[in-house]
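What follows is a single structure, written as C-alpha cells, with notes after it.
Chain A is the first sequence line, chain B the second, and so forth, proteins listed ahead of strands; every chain is numbered from 1.
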Amino acid sequence: MAVRFAPSPTGYLHVGNARTAIINYLYGRAHAASFILRLDDTDTDRVSDEFIRAIEEDLAWLGIEWDRVEKQSERLGEYEEVFSRLREDGHVYPCFETPEELTLKRKTQLAAGKPPVYDRASLNLSDKEIAALKDAGRTAYWRFKLDGEPVTWVDEIHGDLKVETSSLSDPVLIRGDGRPLYLLSSVVDDMQMGITLIVRGEDHIANTAAQIQLFNAIGARAPRFGHHGLLTGPGGEPLSKRIGSIALRTLREQGVEPMALVSYLALIGTSDAIENKFSTTELLQDFYLSKISRTPSVFDVDILNRLNAKFLHDMPFSVARDRLADLGLPHIGEEFWIAIRPNLNSLKEVFDWWHIVHEPLDPLIDDAKFLERAADLLPESSWSGDTWKEWTKAISEASGRKGKDLFHPLRRALTARDQGPEMQRLLPLMGYDRAVGRLRGHKA
RNA sequence: GACCCCAUCGUCUAGCGGUUAGGACACGACCCUUUCAAGGUCGAGACACGGGUUCGAUUCCCGUUGGGGUCACCA
C-alpha cells in the first residue's frame, strides 16, 4: 500500500495543497501505507530548485514526513518505455498542429458556441499526408485516444462518479519537443510505485477519467480515487484568487503555529469539531476518509488565527521553550511564559511583552497625582505573588477607587498598553525600580 | 457552449421518510475575576426555490436558481 502527494515545483504551497498533503499523509499513517513525496517536475520551463526546497521545507514545517522522494525528471526513461508500448498497441496517434493553430481552433469553437474539444483532425491523416507534414518541418506531438465511452468509478469521497469521455479532448502524452506530459508521467508513476489510493481535489475529476482509461490501455489496474471538495475564500470565491495570503510560508512568517494550521486543515470539511490537536498522532485517532465532505468549504483566516491563539494559550512551557529558542529567545523562563501566554495571538508577540517587562518604555500617564500616590504605596522589597493584590488594595483604600478606575491607569502606566496579561504576574517580573519609575512618569 | 461536482444556523457540519432538525466555532446576555483576556451558564440562529412520489418529505425523483470545477504541447 502506498499513497503520494504530488506537487509541481512551479510555485509555493498554499493551504489547499497542504490540505491534500495532510489527508494523504494521515491516511498513509492510519493504514501503514508508505507516503511518497513525488515532485512533478517535467515542465522544465517553470520548475525551479528554489520551489523544490520550499516544498520540502513547508512540508517539514507542518510535520509531514515522507518515506521517500521521487522526481519525475529522473524517470524519463520509464515514460519513454511505456509510451512505446502504447504506440505499438495503437493507443496513441501523432498530431501536427502548432500550439497557435490549436488555440485558434478552440477560439473558433467557443465563438460558435461549441465545446472546445480537440476535433481529432490528425487522427485520419494518411501516411502520405504525414510524410508531407514532416517534410514541411513539422514535428509530431502525441495524443492518447480516448474510447468515447463513459468512465465510472466508486469514489472514496463522492461515491459513484461518471464522466463522459466523449466530451473530453484526447489528452496529449508527449509534446513536440519530446517531453512527457502530466497524464503519462503521473499514471506511469502511480503504476510503478504501487500507489493504491489517490486523494486529491475535485478539480481532478475529469483527469481521473482519462487516467483510468490510460491505466486500462497499459494493462494496469487503476488505484482507488477520492476527490475532496475545494477550499474557497470567505465569499465562496476560488482560493486561488488570494494565493499570496494563503501561502504556507506567508502564514509561517506571520507566526502561525504549524499544528494549529494542520488541525484546521485536517478537520475542515469534516463533521468533527474544528479544534486544536497537539500532534498528528492525535489527529490520527479519529481519521476516516468517509468524514470528508463533498462540499466546497470556506477557509477562514479568522478561524485559523483563533485556533492559533488558543494553541498558544494552552502551550506548556516544555513545548514553548524550544519554540522560543527558535525565535532567538532562549532566556525566557517559565514564570514569564505562564504570565503572558493567555494574551498571545501569535508567538511573535512574546517580543513585545519581553520588551515591556525588561526594557525602558514611556509610560502612559492619565492621572499623575494618583499614580504618584500609588508609587508611594508600592513596597520596596519582600515581594510575593500577592504583592499586586495587597498593593492595589492599599491604593484602593487610600484613593477610594475600585474596578476599572483603579486598575486601568496602573496598567497603562506600567505597560503603556490598554490590555495584557494579569498584572499580578507581570509586576514581579518587572521589579520595583522599573515599576516605580514608570508610575512617576519616567521612561523606565 | 459542453461535461462534472455541490446546496441544512454567519462558518464547519450531523441527519440516510415520521427528530422539539443535533453539535462545534463565531455572536448575544449573565456569572466569575475589585480592569482586559481566559473560564462557566444560558440564549438567539438553518433545511435555496418550484414541481412530483408518499399517509407523511430536510431526507427519494425531476426542474429552476445559485456556487464550484474541467475543457493547455501546465500540473
Side-chain angles (χ1 to χ4, degrees), chain A residues 6-11 40-43 45-47 72 95 97-99 102-103 106 109-118 139-143 150 155 157-158 161-169 171-183 185-186 200-209 227 229-232 234-238 264 267-275 291 293-300 302-303 306-307 309-310 313-314 341-345 389 392-393 396 401-412 417-424:
Chain A
S8 172
T10 54
D40 288 5
D41 59 348
T42 53
D43 187 358
D45 297 339
R46 299 163 62 217
V47 167
Q72 293 196 324
C95 303
E97 298 86 355
T98 63
L102 290 172
T103 309
R106 272 193 298 275
Q109 284 168 315
L110 243 15
K114 288 177 184 168
V117 172
Y118 180 61
T139 48
Y141 69 97
W142 295 78
R143 285 183 192 264
D155 193 270
I157 292 173
H158 280 272
L161 236 35
K162 182 176 98 168
V163 174
E164 299 287 344
T165 60
S166 57
S167 62
L168 265 33
S169 295
V172 177
L173 258 32
I174 302 284
R175 303 174 25 138
D177 62 9
R179 272 149 59 184
L181 246 23
Y182 172 70
L183 196 83
S185 52
S186 181
R200 64 213 316 196
E202 59 183 20
D203 50 336
H204 279 283
I205 287 179
N207 278 336
T208 296
H227 296 84
L230 265 17
L231 258 25
T232 73
E237 79 282 7
Y264 187 19
L267 263 12
I268 190 174
T270 72
S271 50
D272 292 331
I274 296 176
E275 60 187 12
K291 284 187 176 180
S293 82
R294 300 160 298 281
T295 322
S297 319
V298 174
F299 177 84
D300 187 343
D302 287 342
I303 292 180
R306 263 190 281 271
L307 242 23
K310 186 87 169 62
H313 300 168
D314 296 337
R341 179 173 75 166
N343 277 81
L344 261 22
N345 288 307
K389 222 171 197 164
T392 51
K393 192 173 176 206
S396 179
R401 295 196 190 201
K402 56 180 183 172
K404 192 168 184 171
D405 287 340
L406 170 65
F407 291 97
H408 206 234
L410 295 176
R411 173 180 290 284
R412 281 167 58 83
R417 296 283 187 103
D418 284 323
Q419 49 179 266
E422 279 186 43
M423 291 305 301
Q424 185 179 346

Which part of the nucleic acid, if any, lies within contact of Pro7(A), taking any heavy atom under 4.0 Å across all strands shown: a base, the sugar-phosphate backbone alone, or nothing?
nothing
Just call it for Gly420(A): base, sugar-phosphate, or nothing, with non-hydrogen atoms closer than 4.0 Å on any strand.
base
NA contact type, Gly269(A), heavy-atom cut-off 4.0 Å: base, sugar-phosphate, or nothing?
sugar-phosphate
Tell me what Arg179(A) touches on the nucleic acid: a base, only sugar-phosphate, or nothing, going by heavy atoms under 4.0 Å.
nothing
Would you please confirm or rule out a distance under 4.0 Å between OP1 or OP2 of C36(B) and any side-chain N or O of Arg417(A)?
no
Could you tell me whether the phosphate oxygens of C36(B), OP1 or OP2, come under 4.0 Å of any side-chain nitrogen or oxygen in Arg411(A)?
no
Gap in Å between the two C1' atoms, one belonging to A46(B) and one to U8(B), rounded:
5 Å
Give me the distance, rounded to whole Å, that separates A48(B) from A7(B) when you measure between the C1' atoms they each carry.
7 Å
Would you mind classifying the nucleic acid contact of Lys404(A) as base, sugar-phosphate or nothing, using non-hydrogen atoms under 4.0 angstrom?
sugar-phosphate
Classify Lys310(A) by what it touches in the nucleic acid, base, sugar-phosphate, or nothing, heavy-atom distance under 4.0 Å.
sugar-phosphate
Do Arg200(A) and Thr208(A) pair up side chain to side chain, a donor and an acceptor below 3.5 Å, judged on atom types alone?
yes
What nucleic acid atoms does Ile274(A) come within less than 4.0 Å of, heavy atoms only: base, sugar-phosphate, or nothing?
sugar-phosphate
What does Glu97(A) touch in the nucleic acid at a heavy-atom separation under 4.0 angstrom: a base, only the sugar-phosphate, or nothing?
base
At under 4.0 Å, does any side-chain N or O of Ser166(A) touch on OP1 or OP2 of C3(B)?
no
Ser293(A) side chain near C12(B) phosphate (N/O to OP1/OP2, under 4.0 Å)
no
Which is true for Thr42(A) with a 4.0 Å heavy-atom rule: it touches a base, it touches only sugar-phosphate, or it touches nothing?
sugar-phosphate
If only side-chain N and O atoms of His158(A) are considered, is one of them under 4.0 Å from the OP1 or OP2 phosphate oxygen of C6(B)?
yes
Base, sugar-phosphate, or nothing: which does Pro116(A) touch, judged by heavy atoms less than 4.0 Å apart?
base
Using heavy-atom distances to pick each residue's nearest nucleotide on RNA chain B, tell me which of Leu267(A) and Leu183(A) is more 5'.
Leu267(A)
